[in-house]
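If you're wondering where the values come from, they're calculated on a predicted model, not measured in any experiment. For ligands, and for the atoms within them, numbers begin at 1 and follow the listed sequence.
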Amino acid sequence: MVMTTSELTGVTVGPEDDAQLLQRQIRDHLLLNFTDLADFRDRDIPVVVRGDGCYVIDSSGRRFIDGISGLFCSNLGHGYGAEIGAAAQRQLSELVFTPSWYLTHPGTARLAARLAGLAAPLGLDRVFLTSGGGESVEAAWKLARQWHAARGEPQRRKAISRNLAYHGTSLGALSFTGLADIRHPFEPLPIPVAFIAETDAYRHPAAQGGDETAFTAALLAEVERVIEWEGPDQVAMLIAEPVQNSGGSFTPPIGYWQGLRELCDRYGILLVADETITAFGRVGEWFASIRYGIEPDLLTFAKGATAGHAPLGGVLIGPKVAEPFVSGEVIYQHGLTFGGHPLTTAVASAALDVYEREGVLDNVRALEPYLRDRLAELRRIPLVGDVRGAGFFWAVELVRDRDTRERFSAEDADWLLRGVLSEAMDELGLLCRLDDRGEPVIQLSPPLVADRALLDRMVAIVGEALERASAALANR
Ligand SMILES: Cc1ncc(COP(=O)(O)O)c(C=O)c1O
């Protein structure tokens, strides 16, 4: 074995395929996102080395279904890297970098026009580009603040967001994130945000009668109460995901977003759809706002824009909000070095080519009913309380008692997810998200190019893992 040691630092960096060395490099030199290293005291930290279609392969050569598309990113799976990479290479051989600051370049202009075309049904025809979801949320907030100020309302300094919702972790975006554990270490946060109920039809008291309209009315009544309480002339924007990820794929009940639009209009608040996950086909349309008839003033996107091939996000903006900025009245006091990077815009354009050519949205639309029905079969397992979602964006909620909807204790949920289910998924070859930021859920968001056979395999693995969890629970 030939060891490669950096002459400059003395740190051993190779050979690349030495698994033990990789583990040492990770443990000694890397800080991972949101990772409890106690989980890895007795086992290796997983290392993904290669992708193959809807599968990824780890450093020991084991194959896993990419059942969460990396992190809702690899919408096209792992089969188009060479094609999209060639577009990146062409761009870099022409121009490595230019900012989008008093100037820009053709790739960024072309992508902006293309995105405006895709968002035409929503009337959003302008884009500000960023490197990800949280940056896009903060860019939307700054647009909202400056827009209100330009209209003589600089006092609108508050926002409304939803419980459990994840809108990013940088301090501005974190202000909108309704998750105690990741907020508390950094409080006080810079933006005052009030939180309203998530659209949890499984647990919200007003949804229990099965009357969806009554559920919507109760949710909207709460929104109005919160607006009144915060001061209608103090609130700048309301932000929500069309289908909320955190907590487990909460879809909107009928009339919900139309009601939000109406309330925002009545109180002069800007409505922001955070489509960091849902844009670019996750629920079968370019934007979930199209599917649900949402009319946002601002729409944030990221992940799927490049299908995970490069970090690019953005905010789509309609003429109403753009007006003071494009009329020359106000300068948008915001900018990012890498916003509109030639590499990422070339990659996004190449990814959009693949989405269109391969009929990716059609695939999601065609297979959604099939996936829904297959997942519904999991209800045979008593542990399964609810199965919900849309498109290729689903969650399975686990309960101690299905009849009473009794929750698992935090300790049991932890044992179930991080112990039993995590081990079973690992052994059976599925990467998915086991999340207990709300109730314990298994989250499934496969690449949008997955076929029936792949979906079948994914659901079969979840079923087998849940059967094992039921048996373990019975013997606990
Ligand atoms: C809805 C939503 N908004 C914002 C973000 C933050 O995105 P990023 O991690 O790219 O900053 C995420 C990340 O998952 C998200 O799901």
TODO: Under 4.0 Å from a heavy atom of Gly168: give me the atoms of ligand 1 that qualify, with their elements.
DONE: 4 (C), 5 (C), 6 (C)
Task: N/O separation below 3.5 Å, Glu135 to ligand 1 - done: no
Task: Ligand-side contact atoms (ligand 1) for residue partner Gly132, heavy atom cut-off under 4.0 Å - done: 10 (O)
TODO: Answer yes or no for atom 16 (O) of ligand 1: protein heavy atom present at a distance under 4.0 Å?
DONE: yes
Open item on the list: Looking only at protein heavy atoms, which one is nearest to atom 3 (N) of ligand 1, and what is the separation?
Closed with: Asp274 OD2, 2.7 Å
TODO: Please state whether the rings of Phe97 and Phe338 are parallel, tilted or perpendicular, taking 30° and 60° as the class boundaries.
DONE: perpendicular
- [ ] Give the atoms of ligand 1, by number and element, whose distance to some non-hydrogen atom of Lys303 is under 4.0 Å.
- [x] 13 (C), 14 (O)
Open item on the list: Please determine whether any non-hydrogen atom of Ile277 lies less than 4.0 Å from an atom of ligand 1.
Closed with: yes
Open item on the list: Only heavy atoms of His167, strictly under 4.0 Å: list the atoms of ligand 1 that pass.
Closed with: 3 (N), 4 (C), 5 (C)
Task: Side-chain ion pair, Asp436 and Arg407, N-O less than 4.0 Å - done: no
TODO: Do me a favour and list the nearest non-hydrogen protein atom to atom 10 (O) of ligand 1 with residue, atom name and distance?
DONE: Gly133 N, 2.8 Å
Open item on the list: Salt bridge check, Glu230 against Lys158: does any charged N sit closer than 4.0 Å to a carboxylate O?
Closed with: yes
Open item on the list: How far is atom 6 (C) of ligand 1 from the closest protein heavy atom, and which atom is that?
Closed with: Gly134 N, 3.3 Å
Task: Salt-bridge present (Glu83, Arg357; N to O < 4.0 Å) - done: yes
- [ ] Using non-hydrogen atoms of the residue, decide whether Glu275 is closer than 4.0 angstrom to ligand 1.
- [x] no
TODO: Determine whether the side chain, the backbone, both or neither of Tyr166 has a heavy atom under 4.0 Å from any heavy atom of ligand 1.
DONE: both
Task: Carboxylate-amine/guanidinium contact Glu138 Lys142, below 4.0 Å - done: no
Task: Presence of salt bridge, Asp426 and Arg62, under 4.0 angstrom - done: yes
Task: Atom indices of ligand 1 within 4.0 angstrom of Glu241 heavy atoms, with elements - done: 1 (C)
- [ ] In plain terms, say whether Arg291 and Glu368 are close enough for a salt bridge, that is, a side-chain N and a carboxylate O under 4.0 Å apart.
- [x] yes
- [ ] Decide whether an N or O pair under 3.5 Å exists between Thr276 and ligand 1.
- [x] yes
- [ ] For this output row, return yes or no: ring centroids of Trp415 and Phe408 closer than 6.0 angstrom.
- [x] no
Open item on the list: Would you say Gln244 and Thr199 are linked by a side-chain donor-acceptor pair, where the criterion is simply a distance under 3.5 Å?
Closed with: no
